[in-house]
2 protein chains.
Amino acid sequence: MVSKKIAELSLQQVNHNSPVPLYHQIEVDLQRLMTAGELLPQDVLPPEIELSRAYGVGRHTMRMALSRLTSAGWIARQAGRGTFVRERPPRPAFYLDDSFTRQMANMGMVAHSRVLDSAVSVIDARSPAALQEHPGAPCFYLARLRYGDAMPIVLQYAHIITERCPHLEQFDFGQRSLYEVLSTEYALVVQRLTHTVSAVAADRVHMEHLRVRRGTPLLLVKTSVFLDSGDIIEHTTSYYRADRYEYSVTRTGA
Amino acid sequence: MVSKKIAELSLQQVNHNSPVPLYHQIEVDLQRLMTAGELLPQDVLPPEIELSRAYGVGRHTMRMALSRLTSAGWIARQAGRGTFVRERPPRPAFYLDDSFTRQMANMGMVAHSRVLDSAVSVIDARSPAALQEHPGAPCFYLARLRYGDAMPIVLQYAHIITERCPHLEQFDFGQRSLYEVLSTEYALVVQRLTHTVSAVAADRVHMEHLRVRRGTPLLLVKTSVFLDSGDIIEHTTSYYRADRYEYSVTRTGA
DNA sequence: AATATCCGATTGTACGGACATTATTCTTAC
DNA sequence: GTAAGAATAATGTCCGTACAATCGGATATT
């Protein structure tokens, strides 16, 4: 278990005159090496004393940077052994891209979807409960069956309120994520989203589309998306095949 | 905005010969003052230099304690102003134990639980897959049926690796959360936790304890808790009655 | 009276050194 | 050969100092 040599790493020199604290400049630089693949999971960093010399800072400053990277989950340290690069560099807790496409890609599957129904309408009493605060608001409705490779995975019913993003339906959401379109085309910022996960037994509609037996347990995920104005912009109800999909979430420490 | 005087606080002296780091002894002492009400939200702590003198430690050690209390959410510091006691002492985003109790309370129900089985053992091949990286590690096993009012809600199987927290079983987790005990008694910091949610059909064991019919869809939640050292410390498998419980999570954007 | 300036209090950043603790590796004794 | 012990290497704890940055209030100026 030999540590990386200083010479093997393209450390970027710190700027002692910058108003940015030295420890933070070092944090950013090491994060760069880890995201760029110059430092890989399981790799052992050079000892802090060597790093401090290489960066031209005191040991205390170097330890400050390493300690903060430890709290943030980038690295783990063990007395007497060394400093190790952690398995998965922390990702933001907030995925703004289409998580279904991403998860399928992670599992080595190709995601695609079939539109079952779509309509431009308004919010009325038959719309999901989460949207009832905006009766009469124009909305875009989309029912899709989404596949991983050739297997149906999820049946999704999406309602998007188009009051602040007219003609949203013109975009191709096979290519772009909703969040990306809202941000670049309408300058709308997603501030918060909530997921509520439950389990239900498959009924006749699910049986047909997801090709499961009646009563098979399905994951029911309700997603609400809110803008920084506080208004809800999207609500989606999704029925996942529980045998082919897991909902997972990571929380990183206070 | 005048700060508390040292004389007004019943600081407990630290033990310089203890193997417990001084900064951690101070952390625990200040937490005691805050939970006991001797220091209230909005209160301003004495300046770090006075505190360090009062505790008989160097400024660096004092800052270390205050810095850790800051990360944990107990206090907030502002250059030029002072150190303030935060509004709500850190809440369980994290605490397993506590989160069930809290959720039941939110729904106006009284939570209690029945221990079905508990044992001190070691990780072996029959242990959950998530723990297989630590074969032979000592662990504490706890199977519980948890109720909201008189209704069974969830069947939980918890494995806690006690390698770095021996005799963890002596604490009463009806009163204290796992996170709080790890933090104050063992100076261990929870860095990350992951939840994986799936759905399964009730089998015979579930039928009996949760009092549901065979095949009823249940929410299967697997929780893994990791320390800042990168090591997993706990894994819990929970079977929730989906008709009485929803898993929900909110993500707030950058 | 309003504005600008200074000053003291407090936290933040950064340097230095000393010794302790932990894990690994190497040596030695049997 | 194996096991105990010694040396080594790494992180952890703790102390000291110096100066910078920030904030609030007091003072001085207009």
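Because the structure is a prediction, the values reported are computed rather than measured. Because only heavy atoms are used, hydrogens play no part in the values below, and waters and symmetry mates are left out as well, while side chains stay in. Every chain is numbered from 1, with letters handed out A, B, ... down the list of sequences.
- Using a 3.5 Å distance cut-off with no hydrogens or angles, the side chains of B:Thr184 and B:Gln31 do not pair a donor with an acceptor.
- As rounded to whole Å, 16 Å separates atom P of D:dA10 from atom NZ of A:Lys4.
- Taking A:Val249 as the reference, A:Tyr247, B:His195, B:Tyr247, B:Val249, B:Arg251 meet the side chain to side chain contact (heavy atoms under 4.5 Å, CB included) condition, with sequence neighbours excluded.
- Here C:dA14 presents its P atom at 12 Å from CG of A:Asn17, a figure rounded to the nearest Å.
- By the side chain to side chain contact (heavy atoms under 4.5 Å, CB included) test, B:Glu8 is found to be paired with B:Lys4, B:Lys5, residues two or more places apart in sequence or in another chain being considered.
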With the criterion being N/O to N/O and under 3.5 Å, what pairs connect the protein with nucleotides 8-10 of chain C, and how long is each?
{"from": "C:dT10", "atom 1": "O2", "to": "B:Gly80", "atom 2": "N", "distance (Å)": "3.2"}

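- Here the P atom of nucleotide D:dT11 and the CG atom of A:Leu69 are 13 Å apart, to the nearest Å.
- Qualifying ring-ring contact (aromatic ring centres under 6.0 Å, His included) partners for B:Tyr245, counting only residues two or more places apart in sequence or in other chains: B:Tyr240.
- One interatomic measurement links the two molecules: CG of B:Leu66 to C1' of C:dT13, which rounds to 16 Å at whole-angstrom precision.
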**Message:** Strictly under 4.0 angstrom, non-hydrogen atoms only: write out the protein contact profile of nucleotides 13-18 of chain D, one letter per nucleotide from the 5' end, B, S or -.
**Reply:** BBBS-B
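- Whole-Å rounding puts the A:Glu27 CD to C:dA14 P distance at 11 Å.
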Determine all donor-acceptor pairs shorter than 3.5 Å in which one atom belongs to a side chain in residues 111-120 of chain B; sequence neighbours excluded.
{"from": "B:His112", "atom 1": "NE2", "to": "B:Asp149", "atom 2": "O", "distance (Å)": "3.2"}
{"from": "B:Arg114", "atom 1": "NE", "to": "B:Tyr147", "atom 2": "OH", "distance (Å)": "3.4"}

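- Applying the salt bridge (Lys or Arg N to Asp or Glu O under 4.0 Å) test to pairs two or more places apart or on separate chains, those with a residue in residues 65-74 of chain B are B:Glu27-B:Arg68.
- Remark: B:Ser248 pairs with A:Thr196 by the side chain to side chain contact (heavy atoms under 4.5 Å, CB included) rule, at least two apart or across chains.
- Atom pair A:Phe84:CZ and D:dT11:C1' shows a separation of 11 Å (rounding to whole Å applied).
- By the side chain to side chain contact (heavy atoms under 4.5 Å, CB included) test, A:Arg164 pairs with A:Leu188, A:Leu227, A:Ser229, A:Asp231, sequence neighbours left out.
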